[in-house]
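First comes the structure, then the notes that go with it.
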Amino acid sequence: EAAAPELPVLEQVQRISRFYLEHWTRHQDYFQIFWAIDNQRVIGELPPTVVDHVTRLWEGSLKVLNDVLARGVEEGTFVEHDTWEVANILWTLANGILQSEGAAARRALRQRPLTEVFDDAIALVLKGLQPHPTGA
């Protein structure tokens, strides 16, 4: 629903990011697999089938975002860019902000509510993707 093709591209990206935030809020335990995959040096190797399955899920989610970004380039909503790279940047940015919720010290450094920082970060990236007025 968040990536419904009849929605404007900017709204699609905002809705996808909001869905991700809300999904994380409701299912934080689900996201522990991110930590486990990132910390295999500490906890030991996970079964390759698990890592492969999670990687395919990540790739599918990134493809949805990539396709929306590509449509934005085609329509002129966004400037030309590497849509796969930007999808990964948005995903990494979102996950970094979400991880700040897990430790009191990081929450304190953030200084503002999670949802505000999350939405502002996505908006900042989207602003950078939009064409700049001539002469600006």
At their closest point, which heavy atom of [X] faces which heavy atom of [Y], and how far apart are they?
X	Y	value
G72	V9	CA-CG1, 3.7 Å
L114	W24	CD2-CZ3, 3.6 Å
V68	A3	CG2-CB, 4.2 Å
P131	G76	CG-O, 3.5 Å

Counting only N and O atoms by type, is there a donor-acceptor contact under 3.5 Å from the side chain of R15 to the main-chain atoms of L7?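 The answer is no, because no donor-acceptor pair under 3.5 Å joins these two groups.
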Looking only at atom types and distance, does a side-chain atom of T92 sit under 3.5 Å from a main-chain N or O of I89, one as donor and one as acceptor?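 Answer holds: no.
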Should the heavy atoms of other residues, nucleotides or ligands under 6.0 Å from CD of E1 be counted, would the total exceed 12?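 For E1, atom CD is not crowded (no more than 12 foreign heavy atoms under 6.0 Å).
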A quick test of your reading: do over 12 heavy atoms of other residues, nucleotides or ligands sit less than 6.0 Å from CZ of R112?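 For R112, atom CZ is crowded (more than 12 foreign heavy atoms under 6.0 Å).
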Between [atom1] on residue [X] and [atom2] on residue [Y], distance to nearest 0.5 Å:
X	Y	atom1	atom2	value
H27	E22	NE2	CD	10.5 Å
L124	D119	CG	CG	12.5 Å
I122	L10	CD1	CG	12.5 Å

Is it possible for you to say whether [X] and [Y] belong to one hydrophobic cluster, with membership spreading through side-chain heavy-atom contacts below 4.5 Å?
X	Y	value
L57	L90	yes
F19	L62	no
V64	F78	yes

Decide, yes or no, whether a salt bridge links R71 with D67 under the criterion of side-chain N to carboxylate O below 4.0 Å.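 Result for this pair is no, no salt bridge flagged.
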So which of H81, E74, E85, Q12 actually passes side-chain contact (heavy atoms from CB on, under 4.5 Å) with L69?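 That would be H81; it is the only one of H81, E74, E85, Q12 passing the side-chain contact (heavy atoms from CB on, under 4.5 Å) with L69.
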Any non-hydrogen side-chain atom of [X] less than 4.5 Å from a side-chain atom of [Y]?
X	Y	value
L98	T25	no
T115	R18	yes
N95	Y20	yes
L126	Q14	yes
L21	I97	no
F118	L93	no

Taking it one step at a time, do R56 and D52 satisfy salt bridge (Lys or Arg N to Asp or Glu O under 4.0 Å)? CA-CA 6 Å; R56 282 192 307 279; D52 290 345; 5.0 Å; no
Can you list every ring pair (Phe, Tyr, Trp, His ring centres under 6.0 Å) pair that touches residues 36-75, not counting sequence neighbours?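 Residue pairs passing ring pair (Phe, Tyr, Trp, His ring centres under 6.0 Å), neighbours aside: F34-W58, W58-W91.
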Could you list all the salt bridge (charged side-chain N to carboxylate O under 4.0 Å, His left out) pairs where at least one residue sits in residues 89-109, not counting sequence neighbours?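 Found E101-R110.
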